[in-house]
Amino acid sequence: MTNFETMRYKHIISIVLWSMFLVACGPDRRVALAEKLMAEKETDSAIAVMQEIKEPQNNLTDRDYALYALLLSEAMHRKQQLNAETDTLLLPAIKYFSESGDSLYAERALYCKAHLDRRLYRMKDAMQSFLKALLFLQGSGNDEQLYRVNTWLGVVCLNQEEYEGKMRYSKEALKAALRMDNLFYKNLALCDIATGYYFLNRLDSALYYAQAAYDAAIADSLPSQLPHVYTDLGSIYAKMGENGKALEYIDKAIGLRSRKDTLAILGLYADKVDLFGKLGQYDSAYHYFRKAVASPNLATQADAYNHMSGAYYKMGRCNEAYSLLLRFTELADSVRKQRHTAEVIALQELYKHEQLSVENLYWRTQAAERQSNVYLMATLSLLSLWIASTIYFFYWRNRRRLVEQQHQLASQQEELHHQRQVTTENLQRMAEMEQKEARLKETFFRRLNQRIVQEIEKGSNILLSDDDWEDIVQNADIIFDNFTRRLQQHYPALNKEDLRYCCMVKMQLSQLEMSQIMHLEKDSVKKRLKRIRMEKMKADSGVTLEELLRRF
């Protein structure tokens with residue numbers, strides 16, 4: 001074969017291969033149509049068009065498949081159907097558009113991913129996705145999306161108790177709303193900023209922005225925002241101790257709420273229980289307490305029981321106050337369990353999807369290999385000229401696919417490891433809540449013995465009778481489930497006076513305050529407490545008496 005014939009042969013092969021490539025990988029008009037329908041808010045029609053595309057990962061170009069994955073994920077987000085499967089779908093869209101430098105599509109993919117992370121309770125991942133989306137938005141002039149991303153960043157920060165972040169991102173959202181001259185967005189951002197300052201306990205600033213939101217709602221004719229603004233003002237004034245003003249704004253918020261908005265109204269009734277209790281109007285507090293506990297929302301019920309417990313305590317009805325406080329604790333546990341259950345279900349959904357993905361990956365690999373063999377045999381029977389080129393082409397494509405699948409499996413294993421870490425963090429959080437509950441009981445015990453605490457603070461000469469000590473011991477046994485009896489059963493060496501010291505520790509009294517009550521030097525009290533801990537309770541040197549008694 002001459003050099004000319006060899007060159008001509010190579011040229012023919014090149015033309016054939018390029019033709020095959022263009023036919024297999026050309027742009028798909030259905031993806032463009034789906035994008036147009038999504039822009040026109042025709043979500044169901046867009047989904048129907050995309051469902052017509054068979055094996056999109058194999059039959060679309062890289063860009064079309066990335067766009068297909070993005071559009072389908074956005075459609076699921078609009079229909080509030082984001083799930084673990086969407087997580088896998090979004091990965092190629094984020095990867096392709098981030099690497100291609102197409103900031104508009106990259107931001108949209110990350111924004112959708114952030115909402116999916118929220119749906120799966122992966123708040124740290126949601127924060128990272130929103131922040132990456134924000135980077136792609138810089139300098140874009142897209143104030144609509146800048147407002148949305150900053151607003152949702154504020155929501156995630158509030159969920160994570162990062163109140164400085166909540167305030168900072170809400171202010172950025174306000175700037176975007178002002179540039180758009182969007183009055184509704186402006187009002188929402190003002191309320192969000194007020195919320196950030198409220199949780200930072202900077203109440204003057206919170207009041208300033210809440211009042212600004214009120215003025216804007218009146219000036220901009222936004223009556224639908226007034227119930228939210230009045231609720232914010234009521235919460236702020238309540239925290240400032242101006243209960244009369246707080247009650248006035250809560251009533252205004254209730255008055256403007258639709259009668260159908262039952263859950264929100266019952267939640268405001270729970271706030272009124274607290275306010276009437278602080279104002280000493282106990283009949284009114286009880287009236288709204290009966291209404292609030294009828295709410296199907298467990299959090300509203302818990303607030304109502306907690307607030308009414310405080311009212312009963314102020315009335316001197318300690319047994320009833322404690323009974324309501326116990327019910328509050330049960331409801332608070334139920335709320336935590338509900339949230340934990342939802343998180344576990346989301347984790348199980350993600351784990352199940354990862355298992356199915358691994359299985360499907362295997363079968364897709366087998367199917368692809370069978371299809372490749374059939375295609376190879378057909379090619380060999382028709383065109384012997386293409387033998388070498390066809391073998392190489394399919395080998396190279398399968399090799400790349402297997403490498404990608406290995407990377408995907410490694411990524412899924414890493415994600416499963418991350419989810420296990422999240423589960424561990426949730427268990428730690430539950431343990432922290434149990435500790436908070438124990439501290440709540442100790443605080444309530446101290447409140448029951450408030451007379452003694454007040455005498456100490458006055459610097460009075462305190463003389464406790466046996467009856468006084470009997471009341472203190474009885475209160476400790478009621479609140480902490482027979483505290484002194486269980487303590488003496490566990491540590492028989494403890495005498496009556498030792499138990500009194502243990503009750504004072506449980507009351508959170510300092511050693512100086514104990515010395516005032518027992519009429520001893522502070523060093524003597526310190527030695528007595530050490531002797532109780534080391535000699536009679538046989539505790540390790542690294543454990544304090546407070547930690548030891550907290551178990552009882």
Side-chain angles (χ1 to χ4, degrees), residues 35-36 38-41 43 70-71 73-74 77-78 94 97-98 100-115 117-118 126-160 162-200 202 204-233 236:
E35 183 175 23
K36 181 175 180 294
M38 286 291 290
E40 295 171 354
K41 307 298 183 185
T43 306
L70 169 59
L71 294 173
S73 299
E74 288 182 330
H77 176 45
R78 285 186 188 177
I94 294 172
F97 291 123
S98 296
S100 67
D102 196 331
S103 58
L104 172 63
Y105 289 112
E107 184 278 327
R108 284 167 55 185
L110 287 163
Y111 180 77
C112 195
K113 175 73 163 54
H115 281 291
D117 289 332
R118 288 181 59 251
M127 175 74 76
Q128 290 301 315
S129 296
F130 277 129
L131 287 173
K132 289 177 182 177
L134 200 59
L135 287 175
F136 281 106
L137 281 172
Q138 298 306 315
S140 67
N142 188 347
D143 287 322
E144 174 81 21
Q145 199 63 7
L146 277 168
Y147 169 82
R148 290 182 180 178
V149 173
N150 279 294
T151 297
W152 280 110
L153 272 168
V155 171
V156 175
C157 284
L158 186 63
N159 180 274
Q160 296 294 96
E162 296 179 11
Y163 305 128
E164 289 285 358
K166 164 69 175 174
M167 185 181 63
R168 182 171 63 256
Y169 292 118
S170 297
K171 286 184 176 181
E172 290 300 318
L174 176 61
K175 292 177 184 177
L178 292 173
R179 287 194 297 269
M180 287 187 290
D181 197 26
N182 188 312
L183 305 180
F184 183 71
Y185 283 179
K186 179 184 77 172
N187 200 276
L188 287 177
L190 287 169
C191 290
D192 282 344
I193 296 170
T195 300
Y197 278 119
Y198 173 85
F199 281 102
L200 283 169
R202 294 164 62 177
D204 289 340
S205 297
L207 185 60
Y208 171 82
Y209 280 98
Q211 188 64 48
Y214 169 77
D215 294 340
I218 297 298
D220 300 333
S221 299
L222 295 171
S224 63
Q225 277 299 99
L226 285 175
H228 308 289
V229 175
Y230 285 143
T231 301
D232 286 349
L233 285 167
I236 294 166

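Quantities reported herein were computed from a predicted structural model and do not represent experimental measurements.
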*Hey, what's the ring geometry for His115 with His77, parallel, tilted or perpendicular (30° and 60° as the breaks)?*
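Aromatic pair His115/His77 classed parallel.
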*Would you please classify the geometry between the Tyr185 ring and the Tyr147 ring as parallel, tilted or perpendicular, with 30° and 60° separating the classes?*
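Judged by the thresholds at 30° and 60°, the geometry between Tyr147 and Tyr185 is parallel.
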_Glu107/Val149 under side-chain contact (heavy atoms from CB on, under 4.5 Å): CA gap, chis, key distance, verdict_ = CA-CA 10 Å; Glu107 184 278 327; Val149 173; 3.6 Å; yes
*Could you tell me whether the side chain of Lys166 reaches within less than 4.5 Å of the side chain of Phe199, counting heavy atoms only?*
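In short, these two side chains do not touch, never coming nearer than 4.5 Å.
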Side chain to side chain donor-acceptor pair (under 3.5 Å) involving [X] - partner list, sequence neighbours excluded:
{"X": "Ser98", "answer": "none"}
{"X": "Arg202", "answer": "none"}
{"X": "Tyr163", "answer": "none"}
{"X": "Arg148", "answer": "Glu144"}

If you round to the nearest 0.5 Å, how far is [atom2] of [Y] from [atom1] of [X]?
{"X": "Phe97", "Y": "Leu104", "atom1": "CZ", "atom2": "CG", "result": "9.0 Å"}
{"X": "Ile236", "Y": "Tyr198", "atom1": "CD1", "atom2": "OH", "result": "8.0 Å"}
{"X": "Leu70", "Y": "Cys112", "atom1": "CG", "atom2": "SG", "result": "7.0 Å"}
{"X": "Glu164", "Y": "Leu200", "atom1": "CD", "atom2": "CG", "result": "4.5 Å"}
{"X": "Met167", "Y": "Tyr209", "atom1": "CE", "atom2": "OH", "result": "8.5 Å"}

*Could you list the residues that satisfy salt bridge (charged side-chain N to carboxylate O under 4.0 Å, His left out) with Arg168, not counting sequence neighbours?*
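Checked Arg168 against salt bridge (charged side-chain N to carboxylate O under 4.0 Å, His left out); zero matches.
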*asked:* Run the salt bridge (charged side-chain N to carboxylate O under 4.0 Å, His left out) test against Glu74 and tell me which residues pass, sequence neighbours left out.
replied: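 Result, salt bridge (charged side-chain N to carboxylate O under 4.0 Å, His left out) vs Glu74: Arg108.
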*Kindly write out the residues that satisfy ring-ring contact (aromatic ring centres under 6.0 Å, His included) with Tyr169, not counting sequence neighbours, or none if the list is empty.*
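Tyr169 satisfies ring-ring contact (aromatic ring centres under 6.0 Å, His included) with no residue once adjacent residues are dropped.
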For a quick test of your reading: what N or O donor-acceptor pairs under 3.5 Å do the side chains of residues 127-139 make, sequence neighbours left out?
| unit_1 | atom_1 | unit_2 | atom_2 | d |
| --- | --- | --- | --- | --- |
| Ser129 | OG | Asp117 | OD2 | 3.2 |
| Ser129 | OG | Asp125 | O | 3.1 |
| Gln138 | NE2 | Leu134 | O | 3.0 |

_Contacts of Arg179 that satisfy side-chain contact (heavy atoms from CB on, under 4.5 Å) - sequence neighbours left out_ =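 Listed in chain order: Asp143, Leu146, Lys175, Ala176.
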Show me the side-chain donor-acceptor pairs of residues 186-196 shorter than 3.5 Å, one per line, residues at least two apart or across chains.
| unit_1 | atom_1 | unit_2 | atom_2 | d |
| --- | --- | --- | --- | --- |
| Lys186 | NZ | Asp220 | OD2 | 3.0 |
| Asn187 | OD1 | Gln225 | NE2 | 3.0 |
| Asn187 | ND2 | Ala213 | O | 2.9 |
| Thr195 | OG1 | Cys191 | O | 3.0 |

